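Here's the structure we're looking at; comments come further down.
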Amino acid sequence: MPDVYLQVALDVPLQRTFDYRFEGELPVPGLRVIVPFGRQLLCGVIVQVDTQFAGTAGLSVEQLKTVHEVLHDMPPLPNNVLALCRFCSDYYAWPLGQVIAAALPGAFRQPQAWQGGKELAYYAAADAAALLQHVPARARRQQELAALLAAPRSLDEIRAISPSATGWLKAWLEEGRVVEVVAPTALHGAPLTPALPELTEEQQTALTQLEAAHGYAPFLLFGVTGSGKTEVYLRAIEQRLAAGGQVLVLIPEINLTPQLEARFKARFPQERMVSLHSGLADGERTRNWLLAAQGRARIVLGTRLAVFAPMPNLALIVVDEEHDLSYRQQEGFRYSARDVAVYRARQANVPIILGSATPSMESWRNMRESRYRLLTLKQRAVTGARAPQIQLLSTQQLRLFDGLTQNAITAIRETLGQGGQVLVFINRRGYAPVLACHECGWIASCKRCTSRLVLHREDRRLRCHHCGWESPPPMHCPDCGNADLQPLGFGTQRLEETLADLFPDTPPLRIDRDNTRRKGSLDAMLQQIHKGEARLLVGTQMMAKGHDFANLQLVVVLNADAGLFSLDFRAQERLYALLLQVAGRAGRAGQPGKVLLQTRYHDDPFYPMLISGDYAAFADRTLQERKANLLPPYSTWAMLRAEAKTLQRATSFLREVRERWREFPGLHMAQPVPALMVRKAGWERAQVLISAQRRPAMQAVLRDMLETLGAEKHPGVRWALDVDPVDV
DNA sequence: AGCACGCCGACT
DNA sequence: GTCGGCGTGCTC
């Protein structure tokens, strides 16, 4: 048997694959292997099989180690998923092995065979016809078993054929004629035909277009809250399921799975559906992943990691709330599941629906330039759903009492007095210490870039994160002379105390990331709210999503301005989405809630577009601004981040890198700046913004940097590239 | 990332 | 006298 040479992708932070020798039956790419690596045994995935050693530079055949074991506990990762991983590895400048590792459930990242399927094991013929032919015609019982194994069968069913059945099974397993498959999960219930809600005219129009689509066809489903986007998804899914396909549904967060899962189960009781998200136990996630890979789960509902699940009959992708930042993985392998999903739809040649009430500028541009088809839902399909009334309270004209206007205090008192619930919402998202004059509204901005300057408290310097310009903060406001310059959003920390003082009879309940970290604590708080025990709620963005409170009549929004003038150019669209979502929390059926929005900048053009609910106008204007300033999506960005024991070391590394690549054609590299969070776990961090007008120039420089820097030694410095960064 | 090897401080 | 601190070097 001739030697085979395997290229193996390993879960190590090294920008290359590793070659191994293997003696035995020809394996296929996508299979898991256990290989010796240094002094350890690691698990990897075969990405290429050669019958001749292609010869990696400076490596002879003799130096190759031998594969320890080829594992057959999972079907080989299909070529399309491998190709998807390769694309991501290229695009996001991340080692292939680590991309593949991210695409696999935990059990398949271990350097040992997965045992979890045993007790639930089912068996089926690898090739039903071939198995039947293999069995001698006179061996009636064996013929019977072979026929049975055309579909997956449990050991119980197999034993029922004959006492010797398990023996035959064992032999066939060894010969590879029969394979072990994962147990099918129970179906959701008896088939029934639920009464379908009647579609609005808009929904019907959207659906007609979706149903007519074949091949790659991206759709932007633009629909306000309550306009019935989900019903459109369900109908489109129904059609693709009926045609025998599998459907991938991506949602932003785990918290939203139970609701949506219940709705899907009720709608498709006879279809097998699995969920895939990081909240699942390892065994369950592995089983669900396998069911998707075998084509037996027809609906896969999951968070961003699900975008990599193998699905042999993929026929439709749905990305709900496509603008949501949760689709971006923010550490390690940084990717945008929404963008990967679009690539995957093209690769699989299937339609994709990107749904949102507040689409991302990237998708909006694609729609405006006719790359995506627009499906609009303007009417509210849900009976009683009505747009909330938003009213601005100008903190310029009204006096503040510990951050609250008298009007807000009065409104809160009235609502509580009538027995209603109130949410005081603090916008912390997009928060960056942007220096402002609270008297006249002046905001420290860069004279060269028009972007906001960021106040770094450590050394009391103002810095531009786009070009690197810096200066000490001014002592007085350059416009009005006011000496009290404070970062926007300053002072919201004391809000809870202030509210407790103002409303001693209704103790405020604060809900944020910090006090809901413990498992179950969020549920307990939500219960309190539903029972009406807590009526004055203080919350951050996690309160904006998903949770509906029937008695919530008033929402007071504080500190919207921090989002309005964040240094992050994407902050406004996020603020719009956030405020729209928060506003949607208020109001009972048939009775719109009231939203009070405190702002210093009440005459900013942003607010009329928010209050009228005209997101299209806002998006078009925002896009124009982006185009005029050559900001994404009209240019492409990447962030080179470095950390070292001292900021000095990190910065000098970045300066040196900048000197070497700044002349690269079609490219601009900014000066290094300290990261927003300078110190983290004993490391000090800095970054350089790279921008290019054209994607190929960016790809070229990233590849070049990666190769060059990867081959060099930079002692004491850890660096990484972040493509399409969201935090700048 | 691991996991070695390699040279300098407080402990059985 | 050793156990172990983490600097740096390598992994087909």
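These numbers come from a predicted model, not from an experiment. Per chain, numbering begins at 1; letters A, B, ... match sequence-line order.
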Considering only heavy atoms of chain A and a distance under 4.0 Å, specify the first and last nucleotide of DNA chain B in 5' to 3' order that meet this criterion.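 That gives a stretch of B:dA1 to B:dA4.
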State whether the side chain of A:R344 and the backbone N or O of A:V307 hold a donor-acceptor pair below 3.5 Å, judged by distance alone.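 Checking the backbone N and O of A:V307 against the side chain of A:R344, a donor-acceptor pair under 3.5 Å is found.
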Do A:V688 and A:P672 have side chains that approach each other closer than 4.5 Å (heavy atoms only, starting at C-beta)?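 A:V688 vs A:P672: side chains touch.
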Heavy-atom check, side chain of A:C85 versus side chain of A:L96, under 4.5 Å: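 A:C85 reaches A:L96 side chain to side chain.
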Atom [atom1] of [X] to atom [atom2] of [N]: distance rounded to whole Å?
{"X": "A:K65", "N": "C:dC10", "atom1": "NZ", "atom2": "P", "result": "14 Å"}
{"X": "A:F18", "N": "C:dC12", "atom1": "CZ", "atom2": "C1'", "result": "6 Å"}
{"X": "A:L59", "N": "C:dC10", "atom1": "CG", "atom2": "C1'", "result": "13 Å"}
{"X": "A:Q63", "N": "C:dC12", "atom1": "CD", "atom2": "C1'", "result": "8 Å"}

So A:F333 and A:W94, would you call those rings parallel, tilted or perpendicular, with 30° and 60° as cut-offs?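 Because their plane-to-plane angle is under 30°, the rings of A:F333 and A:W94 count as parallel.
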Could you check whether atom CD of A:Q693 has more than 12 heavy atoms from other residues, nucleotides or ligands sitting under 6.0 Å from it?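 No, CD of A:Q693 has 12 or fewer neighbouring heavy atoms, counting only those of other groups under 6.0 Å.
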Step through the shown structure and confirm whether more than 12 heavy atoms of other residues, nucleotides or ligands are within 6.0 Å of CZ on A:R694.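 Atom CZ in A:R694 is not packed in, count stays at 12 or less.
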When we call it a touch if two heavy atoms are under 4.0 Å apart, what does A:R21 touch: a base, just sugar-phosphate, or nothing?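 Result for A:R21 = nothing.
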Can you list, by residue number, the residues of residues 30-48 of chain A that have a non-hydrogen atom closer than 4.0 angstrom to DNA chain B?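 Within this stretch, A:R39, A:Q40 sit under 4.0 Å of the strand.
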Check DNA chain C against residues 4-13 of chain A and give the residues with a non-hydrogen atom under 4.0 Å, in numerical order.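 Those residues: none at all.
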Charged N-O contact under 4.0 Å between A:D568 and A:R574: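 Judged by the 4.0 Å cut-off on N to carboxylate O distance, A:D568 and A:R574 do form a salt bridge.
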Derivation and outcome, side chain to side chain contact (heavy atoms under 4.5 Å, CB included), residues A:R32 and A:D73: CA-CA 8 Å; A:R32 262 152 51 76; A:D73 54 352; 3.0 Å; yes
Give me the one residue out of A:R695, A:R328, A:R334 that meets salt bridge (charged side-chain N to carboxylate O under 4.0 Å, His left out) with A:D724.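 For A:D724, the salt bridge (charged side-chain N to carboxylate O under 4.0 Å, His left out) check succeeds only for A:R695.
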Just checking, is any N or O donor in the side chain of A:Q48 or A:D50 under 3.5 Å from an acceptor N or O on the other one?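 A pair is found: one side chain offers a donor N or O, the other an acceptor, under 3.5 Å apart.
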